[in-house]
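To start, the structure under review is shown below, and the notes come after it.
Residue numbers begin at 1 in each chain, while the letters A, B, ... track the order of the sequences.
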2 protein chains.
Amino acid sequence: MTEDEKLDFAFAALAHPARRAMLARLAQGEATVKELAEPFDVSMPAISKHLRVLEGAGLIERSRNAQFRPCRLNTDPLKSIANWTDQYRHIWEVRFEAMEKLLSEMKDLKDG
Amino acid sequence: MTEDEKLDFAFAALAHPARRAMLARLAQGEATVKELAEPFDVSMPAISKHLRVLEGAGLIERSRNAQFRPCRLNTDPLKSIANWTDQYRHIWEVRFEAMEKLLSEMKDLKDG
DNA sequence: CCATTAATAAACCTGTTAGTTAATTAATCA
DNA sequence: TGATTAATTAACTAACAGGTTTATTAATGG
């Protein structure tokens, strides 16, 4: 899978609020499917599908412990996304500095 | 629109490689629809739809100049995504430091 | 005024997403 | 062993995504 395809899957996985919430829960540590399902008013199969999407994007890994399937977070795709957005950072920073400069000039004008 | 919904749209918009490529082009400066379409082997209506998705996510803004519709980048949603991923940064940094520590210990062991 | 260019709209098709219910697998435990 | 719990699979549905072709809007320029 190319780096671009990895981003396709990562961004698509993160485009659903329930999946982002699941990742936030996993940032606190491992959790079972049932624990992850608890905050949501949907069926267990729907939860299973969300987890499959997250797993497909490499955002979680799953193991097995008796009848439980504990999930844990894998931050690699998040790092990829952070790196991707960094390529645009200079743009918003330049604009921010330009705005600061403008504000400063307006202040000078006002104060004489 | 809530902050969470904004992220829904932003992530969904970024989940398509053609749309990410369009943003990369717009990072160089304004471009018309035709200019943005040039690298892709799809029909103009398909391009129009991609631009509508980007606009819906707030990633581009469009104006009008004669029969042209120049597009320009808006980085606000990218900032939101960068802020969102930052909430996970400590996790991968902690793991990186733990790995460095482990490697250092292994080296000490080897060197005696 | 008419041909050309830029772009969008409308209608349609196909595959995918997000959900459902019902059935199944697999492990625990009384 | 049989009931319970955890989770997935299967089959289905409704809505949406991404693409197409054809038609339309709107501006330019000979």
Nucleotide [N], atom [atom2] - distance to [atom1] of [X] in whole Å:
X	N	atom1	atom2	answer
Asp8(B)	dA18(C)	CG	C1'	13 Å
Arg64(B)	dA6(C)	CZ	P	14 Å
Phe11(A)	dT17(C)	CZ	P	17 Å
His16(B)	dG15(C)	NE2	C1'	13 Å

Task: Verify same cluster id: Ile91(A), Leu36(B) (apolar side-chain graph, 4.5 Å) - done: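 Cluster IDs for Ile91(A) and Leu36(B) match.
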Open item on the list: List the residues meeting salt bridge (Lys or Arg N to Asp or Glu O under 4.0 Å) with Asp111(A), not counting sequence neighbours, and say none if there are none.
Closed with: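 So Asp111(A) forms a salt bridge (Lys or Arg N to Asp or Glu O under 4.0 Å) with Lys107(A).
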Task: Outermost nucleotides of DNA chain D that come under 4.0 Å of a non-hydrogen atom of chain A - done: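 Boundary nucleotides touching chain A, in 5' to 3' order, are dA6(D) to dA11(D).
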- [ ] Compare every heavy atom of Tyr88(B) with every heavy atom of Arg20(A), then report the nearest pair and how far apart it is.
- [x]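 So the two residues come closest at O-OH, 3.9 Å.
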Open item on the list: Please find the pair of heavy atoms, one from Ala13(A) and one from Leu59(A), that lie closest to each other, and give the distance.
Closed with: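 Looking at all heavy atoms of both residues, the closest pair is CB-CD1, 3.9 Å.
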Task: Minimum side-chain heavy-atom gap Trp92(A)-Leu73(B) below 4.5 Å - done: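 They are not in contact (no side-chain heavy atoms under 4.5 Å apart), so the answer is no.
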Task: Flag side-chain contact, heavy atom, 4.5 Å: Leu14(B) against Leu7(A) - done: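 Leu14(B) vs Leu7(A): side chains apart.
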Open item on the list: In terms of relative ring orientation, are Phe11(B) and Phe11(A) parallel, tilted or perpendicular, with 30° and 60° separating the classes?
Closed with: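 Tilted.
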Open item on the list: Between Arg52(B) and Glu55(B), is the salt bridge (Lys or Arg N to Asp or Glu O under 4.0 Å) condition met? List the steps.
Closed with: CA-CA 5 Å; Arg52(B) 176 182 292 272; Glu55(B) 190 179 30; over 6 Å; no
Task: Members of residues 32-51 of chain B that approach DNA chain C, where some heavy atom sits under 4.0 Å away - done: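 Only Thr32(B), Val33(B), Lys34(B), Met44(B), Pro45(B), Ser48(B), Lys49(B) qualify.
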- [ ] Nearest-nucleotide wise, let me know which of Arg69(B) and Gln67(A) is further upstream toward the 5' end of DNA chain C.
- [x]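 On the 5' side of the pair lies Arg69(B).
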TODO: Answer yes or no: does a side-chain N or O of Arg19(A) lie under 4.0 Å from OP1 or OP2 of dA18(C)?
DONE: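 So the side-chain polar atoms of Arg19(A) do come within 4.0 Å of the phosphate oxygens OP1 or OP2 of dA18(C), strictly under.
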